Amino acid sequence: MNEAMVEAINEREPAFLSRDGKGKGYVCPQCGSGSGPKGTGLHRDPGAPTHWKCFACGGYFDVLDLYGLAFGLETFPEKLAGAAAYYGLTVSAPRRMTERAAARPAAPEPDCTAFFKAAQARLAQTDYPQRRGLSAATCARFHLGYDPAWRNPKAPETVPPSPRLIIPTGRTSYLARDVRGKDELSEQEARYTKVKVGKTRLFNAEALDTAEKPVFIVEGEIDAMSIVEAGGEAVGLGSASNVRLLLERLAEKRPAQPLILALDNDERGRKASCEMEDGLRAASLPYFVYNPCGDCKDANEALQMAPESFLRRVGDGERLPEIERLAYLQTSAQGHLQAFVDGIAESVNTPCLPTGFDALDRALDGGLYEGLYIVGAISSLGKTTLVTQIGDQIASGGQDVLVFSLEMARAELMAKSISRHTLTLALARKWGTACAKTARGVTDGRRYAQYGEREREVIRDAVTRYGEYAGHLFIAEGVGDIGVTAIRERIARHIDMTGKTPLVIVDYLQIIAPYNERATDKQNMDKAVLELKRISRDFKLPVIAVSSLNRMSYGQRISMEAFKESGAIEYSSDVLIGLQLRGAGEATFDPTEAKKKNPRQIEAVILKNRNGRVGEKIEFEYYPMFNYFTEKG
């Protein structure tokens, strides 16, 4: 029975792994290949459809092997029980074995300290570092070693033993570099001259925190050591495909010094440099592009072929005065002028997004632009309904919309949208509101037996209409556990996965997870608003955030002072919209009576508009039972 089970598992996709950068394969759990934004990882072997191979580390696996690597399972019974449970299959193994496999945490990466020490003791057996221009001091600083008969510890049968330079990148990871010349390698061996073991890591990343001079960013580990050899400081990406790895590291902590982009002088290096520039500009990190290699392909080739000029360009002789001058000049408006012009050109391809409400669009100069829009109201005025209806209307035009619903479940928002469609369909067919359904009427299956044919037809057609654009709606739900960092990461992932920049909706501001548990509510709110503003700027997209109001505002005319806990709402928002019941603030106004009206008479007041008129009022009729807004007039 277990043989049939293994066959059934191996015929499946390893969906428990992350997709690779191109979305065509999976990230290799052995070496991390494919984790970059453009890199490829594991691919199915056409000659053996139940097996997967990684060209980076040479690994060759079936799905059961991959499951074991992904979850740190070593024995066959554990891997079988765990994979079977994942795919919903029944395996003939003791219940306690299945439970243990499912609960067992991923095994830690093996510590390579002893291997590194043994390799360092053998470094004198090879002259490879000297041939690459590296001194004994540089070798000692980076703990280089040598293994005359190295085998890949995760795939020992891939290639025969080979002499390797061992370059540690962390306590549990390293690069094994074949020291033989190309003419000494077989065709298979030539494919594995550089093999990474362990998790993909930046080389000499600590320089980002400790360097007292600008830090070069280069591709290879040996390139980074070549910069150090010439008197500079450098971080090696390990590959041009690891740009995102560096950007993620910089997002966690700003570098101590400006960065010097000096990637390889080839097409791949230039593309990676452009990608890195985009990320650094978005993060407002200081950098400049500088070529210390002349006509050589990379830093190590320059160290070997033109050492004198390379030393001048990297060392204090030519580099520091020129770099300091360039760095200062970049602070002028002239230094940012090209980016400004490029932004104008890019805006042609990123037009504003019409909300679907004509009067509101006119007040907003056509619709939503890059920036932070905040919509506030007291309870029961439909602020969530209005914002999500705008999201639906924009999604129906083919634009992606990413909703962070911090209070309502995904199913609730979907039910609200379908309820809205039941009303519009029923009215369009002149069947009356009796055929329309509330959100509860849509989701409560017990009521369907009592519905007439028209009611069922309206619900079916409403679901169909919603389905026509639901593929452009992405709803992330959470209660108190989604903060601004998670929002930023989810937006970046959406863009990576789809290639599309979404409209972002956050419902609502006051329950975003606090940035700091020890900070006051006002401090956390200010931080959330400022970060949402940065997100809109960095990703060049509109963000709509819903806000509640303080209780002093109930029954009064809407104003900026009504917004809760945060002066940042007033100062950081690009557009501030307040909803109020028509007549609010008048002497005879009764909010209870105003709420009894059906539809409710709602006014959207433009309280702030950084690039347009303020004070305008857009009149709406709001049908709370059916989650529907329509402009009056």
Side-chain angles (χ1 to χ4, degrees), residues 355-356 373-396 399-426 433 435-448 450-451 455-456 458-483 486-487 490-491 494 502-513 543-549 579 595 598-600 602 620-630:
T355 65
Y373 296 73
I374 295 180
V375 177
I378 63 174
S379 63
S380 75
L381 262 64
K383 50 188 179 292
T384 295
T385 296
L386 177 63
V387 167
T388 53
Q389 184 173 339
I390 288 172
D392 282 8
Q393 289 168 180
I394 288 175
S396 66
Q399 166 70 36
D400 280 6
V401 177
L402 181 53
V403 181
F404 293 91
S405 181
L406 310 184
E407 183 180 38
M408 295 186 184
R410 181 184 295 107
E412 290 181 84
L413 290 186
M414 295 171 68
K416 278 175 165 284
S417 296
I418 292 168
S419 169
R420 182 185 312 124
H421 287 306
T422 66
L423 177 65
T424 58
L425 286 167
T433 58
C435 288
K437 296 301 165 194
T438 64
R440 180 70 58 81
V442 170
T443 58
D444 189 350
R446 293 169 297 184
R447 302 186 184 187
Y448 277 63
Q450 302 169 8
Y451 291 159
E455 293 171 293
R456 294 195 189 96
V458 163
I459 294 175
R460 285 196 303 269
D461 291 349
V463 171
T464 299
R465 180 166 293 184
Y466 181 71
E468 291 171 354
Y469 61 85
H472 294 289
L473 281 172
F474 298 81
I475 302 172
E477 58 183 357
V479 179
D481 57 350
I482 296 181
I487 290 172
R490 177 62 185 268
I491 295 169
H494 181 93
L503 162 69
V504 174
I505 294 173
V506 179
D507 183 27
Y508 59 95
L509 274 174
Q510 281 70 25
I511 53 176
I512 291 177
V543 175
I544 305 178
V546 175
S547 176
S548 55
L549 303 183
L579 304 183
K595 288 181 181 180
N598 188 26
R600 290 178 191 161
I602 304 292
F620 289 98
E621 293 183 335
Y622 171 41
Y623 297 80
M625 284 184 62
F626 305 110
N627 310 285
Y628 178 60
F629 272 84
T630 182

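From a predicted model like this one, the values you see are computed outputs, not experimental measurements. Starting from 1, each residue takes its place in the sequence as its number.
Between Thr443 and Ala415, the shortest heavy-atom distance links the atoms CG2-CB, 3.5 Å. In plain terms, the two heavy atoms of Tyr469 and Ser417 that are nearest each other are OH-CB, 4.4 Å. Residue Arg420 comes nearest to Thr385 through the heavy atom pair NH2-O, 4.0 Å, listed as atom of the first residue, atom of the second, then distance. Nearest heavy atom pair, residue Ile459 against residue Thr422, reads CA-CG2, 4.3 Å. Heavy atoms only, all atoms of each residue included: His472 and Gln399 are closest at CB-O, 3.6 Å. A pairwise comparison of heavy atoms in Ser396 and Gln393 identifies OG-O, 2.6 Å as the closest pair.
By the neighbour-count criterion of 12 heavy atoms within 6.0 Å, atom CZ of Arg440 is sparsely surrounded, having that number or fewer from other residues, nucleotides or ligands.
Note that the CD atom of Gln450 and the CZ atom of Arg456 stand 10.0 Å from one another [nearest 0.5 Å].
For Met414, the side chain to side chain contact (heavy atoms under 4.5 Å, CB included) criterion is met by Arg410, Tyr466, Ile475, not counting sequence neighbours.
For the residue pair Ser380/Lys595, the side-chain donor-acceptor check at 3.5 Å is satisfied.
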**Request:** Decide side-chain contact (heavy atoms from CB on, under 4.5 Å) for Asp507 and Val403; before the verdict, give the C-alpha distance in whole Å, the side-chain angles of both, and the deciding distance to 0.1 Å.
**Result:** CA-CA 8 Å; Asp507 183 27; Val403 181; 5.5 Å; no
**Request:** Kindly indicate, with the supporting measurements, whether the criterion side-chain contact (heavy atoms from CB on, under 4.5 Å) is fulfilled by Arg447 and Lys437.
**Result:** CA-CA 11 Å; Arg447 302 186 184 187; Lys437 296 301 165 194; over 6 Å; no
**Request:** Step by step, work out the side-chain contact (heavy atoms from CB on, under 4.5 Å) result for Thr424 and Tyr628.
**Result:** CA-CA 9 Å; Thr424 58; Tyr628 178 60; 3.7 Å; yes
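Between Ile512 and Val506 there is a side-chain heavy-atom pair separated by less than 4.5 Å.
Ring geometry for Tyr622 against Phe629 counts as parallel: the plane angle stays under 30°, on a 0 to 90° scale with 60° as the upper cut.
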